Every structure is written in C-alpha cells, then in structure tokens.
Amino acid sequence: MHDLEQLRWRKPNRSGAGNACVEIAQLPNGDRAIRDSKDPTGPVLTITATTWTAFTATARDDEFH
C-alpha cells in the first residue's frame, strides 16, 4: 500500500480553473494513482505504468470518441 498523502498530485494542463477533474500521481514503482479532484479523500484507482502509457497514447491519438 502506498502513502497517498505523500504523493505529488497533479491536474491535467487542460483541466481549466475549476475543481471538476481528475488528479494523477506517479507511484514510486512508476504506476499511476488517479482520483477525483472534488473528493481527494475518496477512492483512488491505481493502474500500471504500461496501462498508463497505452491510455495516454490512445488519448493523444484522439482514439476516444
């Protein structure tokens, strides 16, 4: 288990000024933690570094419609 409070949480650059987006943190092993910025003490989704790389490549290639 990771100490989620010690992670450096970041919002995507295109999220704007509001608080309605996701926050992402890199875990020490390279995996990613994802949470809702409106509920920072709520549930956290963790995904592997490989899955994160595939997800971001797909998003950059605009394959989500």
Side-chain angles (χ1 to χ4, degrees):
M1 186 82 175
H2 303 282
D3 184 2
L4 301 175
E5 294 299 317
Q6 300 301 316
L7 296 176
R8 181 175 163 241
W9 292 95
R10 301 177 315 145
K11 292 180 186 178
N13 292 336
R14 297 180 187 217
S15 66
N19 214 21
C21 59
V22 297
E23 293 179 313
I24 302 148
Q26 184 170 335
L27 301 172
N29 67 355
D31 292 351
R32 299 300 192 279
I34 304 167
R35 70 182 181 185
D36 184 343
S37 63
K38 295 182 307 293
D39 187 12
T41 61
V44 173
L45 172 69
T46 58
I47 60 173
T48 66
T50 302
T51 300
W52 177 253
T53 299
F55 171 75
T56 56
T58 301
R60 263 188 247 116
D61 292 342
D62 197 27
E63 293 185 33
F64 295 114
H65 299 281

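The shown structure was predicted, so the numbers you read here are calculated from the model rather than taken from an experiment.
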Worked verdict on D39 versus R35 for side-chain contact (heavy atoms from CB on, under 4.5 Å): CA-CA 8 Å; D39 187 12; R35 70 182 181 185; over 6 Å; no
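With contacts defined as side-chain heavy-atom distances shorter than 4.5 Å, the pair T46/D31 does not qualify. Inter-residue side-chain proximity for Q26 and R32 is flagged as met; some heavy-atom pair is nearer than 4.5 Å.
Note: I47 CD1 to T53 OG1 = 8.5 Å, rounded to the nearest 0.5 Å. The distance from atom NZ of K38 to atom CD of E23, rounded to the nearest 0.5 Å, is 10.5 Å.
Among pairs with a residue in residues 20-53, those fulfilling ring-ring contact (aromatic ring centres under 6.0 Å, His included) read W52-F55, at least two apart in sequence or across chains.
Smallest separation of non-hydrogen atoms from A49 and G30: CB-O, 3.3 Å. For C21 against D36, the heavy-atom pair with the smallest separation is O-OD1, 3.6 Å.
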